[in-house]
Amino acid sequence: MIEEIYQSYLQHSTICTDTRAITPGCLFFCLKGENFDGNTFALKALEAGAAAVVTNRADLQGHPGCFVVDDTLIALQNLAHHHRQQFDIPFIGITGTNGKTTTKELISTVLRTKYRITYTQGNFNNHIGVPLTLLSIPSDTEIAIIEMGATHVGEIAGLCKIAEPNYGVITNIGVAHIEGFGSRENIILTKRAMYEAVTKCGGTLFVNGGDATLTQCAGDYPKQVRYGNCADSTCRGEISDMNPYLAVSVEGSCFRTHLTGEYNLANILCAIAVGKHFGISVATAAAALEAYIPGNHRSQIETVGSNTVIEDYYNANPTSMTAALRNLSHLTHDNKCAILGDMLELGAVSEQEHRNIVMLSKELGINAIFVGSCFQKLAIPDITAFANVEEANAYIAAHPFQNAMILVKGSRGIHLEKLQING
């Protein structure tokens, strides 16, 4: 059946999973979620212009334009894996607790200076997004960069079976989604599957040699390229300025980025190391990275009235929140503040991790506004905390920021994009 679906895919290579976004001639997969069942829209998808649909509805067996399968999600994943097997090119898999999307963007920015690449768009990095990314790869692609995320044990291993990366990057291993993983040890086991998948096929690892956890995971596997501050590094660099934009010096090439945060140095060095491995000079990579402008509220800097706002609220966890606060403390400014939203999906450790962030902001002397029920219910004296963004906005309107540098960070579910910062 997969071969039949694949032949249809070759003729109609646009994949769609949402009837609201049907394009004429697409191949529609009837996926089922917690609150919807795409199979109920199978015939409507055909009426809307889909060339064919993949459904689990037995009553549509033999209906023109319908491929009937047992499980449409597995069919999508199997189709993506089949398409991946048609390529004999580098597939770079990227995962990590923090920085995987930024690193994916930076690697793509460097590699496109020499190669035709396809890479994960946005954060299409889960059990549906990875297959859709693979199925977006055209036949003339020379390198594919596939981002993989996980919220539960074993997810990276499953995604690697679909994508079969022969190059691998783990940006770091910290604390995130621990409610789904259960422990940091399970997070390590899950992320390490990236290295295991690559080594199994004899591929190459890109390893931050300054990260003890990652070097331990990589072990003595011979085909690894190390970057960062370690003795056998192929790509070293240092920060020359970060107020607020990060400027770095790498092997004689000095350049200023549009990124903020010293934690991005490792991401930059990774991108340059990958570029060097594929024959791109440091100077060429540096020029590309200097021109790169981040998006989607990741390390973005905006001027709002008299204020400088560091927008880093695409997501948050204890590791990234701590790094962002410490970075803010290192920046030179007379009036540094932070608006911090809840860190979600932390399970049993949530209260303690939120308490740690409050105490860290006090230790660093950063005036902070906390948003969300996790922060608010801590009942710590002398903190400004609100249940939601609406309450925070009312406070900000009565106490406007003036000439401030403001870090805004929190989980997406807190909706910090709705903050109203004027001044």
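Side chains included, hydrogens not; waters and symmetry mates left out as well; all remaining heavy atoms used.
For Arg112, there are no salt bridge (Lys or Arg N to Asp or Glu O under 4.0 Å) partners two or more places apart in sequence or in a different chain. Judged as a salt bridge (Lys or Arg N to Asp or Glu O under 4.0 Å), and not counting sequence neighbours, Asp88 has no contacts. In this structure, Ala287 has no side chain to side chain contact (heavy atoms under 4.5 Å, CB included) partners at least two apart in sequence or on a different chain. Scanning for side chain to side chain contact (heavy atoms under 4.5 Å, CB included) contacts around Ser350 gives Leu346, His354, Cys374, with sequence neighbours left out. Judged as a side chain to side chain contact (heavy atoms under 4.5 Å, CB included), and not counting sequence neighbours, the contacts of Ala392 are Val371, Phe386, Leu419. Applying the side chain to side chain contact (heavy atoms under 4.5 Å, CB included) test to Thr257 and every residue at least two apart in sequence or in another chain returns Leu246, Phe255, Leu259, Ile268.
Evaluation of the salt bridge (Lys or Arg N to Asp or Glu O under 4.0 Å) test over residues 260-277, restricted to residues two or more places apart or in two chains, returns Glu251-Lys276. Applying the salt bridge (Lys or Arg N to Asp or Glu O under 4.0 Å) test to residues at least two apart or on different chains, none of the pairs has a partner in residues 318-327. Here salt bridge (Lys or Arg N to Asp or Glu O under 4.0 Å) pairs that include residues 196-213, with residues two or more places apart or in two chains, are Arg192-Glu196. The salt bridge (Lys or Arg N to Asp or Glu O under 4.0 Å) contacts involving residues 49-77 comprise Arg57-Asp59, where partners must be two or more places apart or lie in separate chains. Sorted by first and then second residue, the ring pair (Phe, Tyr, Trp, His ring centres under 6.0 Å) pairs with a member in residues 36-63 form an empty list; sequence neighbours excluded.
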Output, in order, the C-alpha distance, side-chain angles, deciding distance and verdict of side chain to side chain donor-acceptor pair (under 3.5 Å) for Asn98 and Asn317.
CA-CA 9 Å; Asn98 302 302; Asn317 56 60; 2.7 Å; yes
Could you give the side-chain donor-acceptor pairs of residues 139-146 under 3.5 Å, partners two or more places apart or in another chain?
{"from": "Thr141", "atom 1": "OG1", "to": "Thr118", "atom 2": "OG1", "distance (Å)": "2.9"}
{"from": "Thr141", "atom 1": "OG1", "to": "Pro138", "atom 2": "O", "distance (Å)": "3.1"}
{"from": "Glu142", "atom 1": "OE1", "to": "Arg116", "atom 2": "N", "distance (Å)": "2.7"}

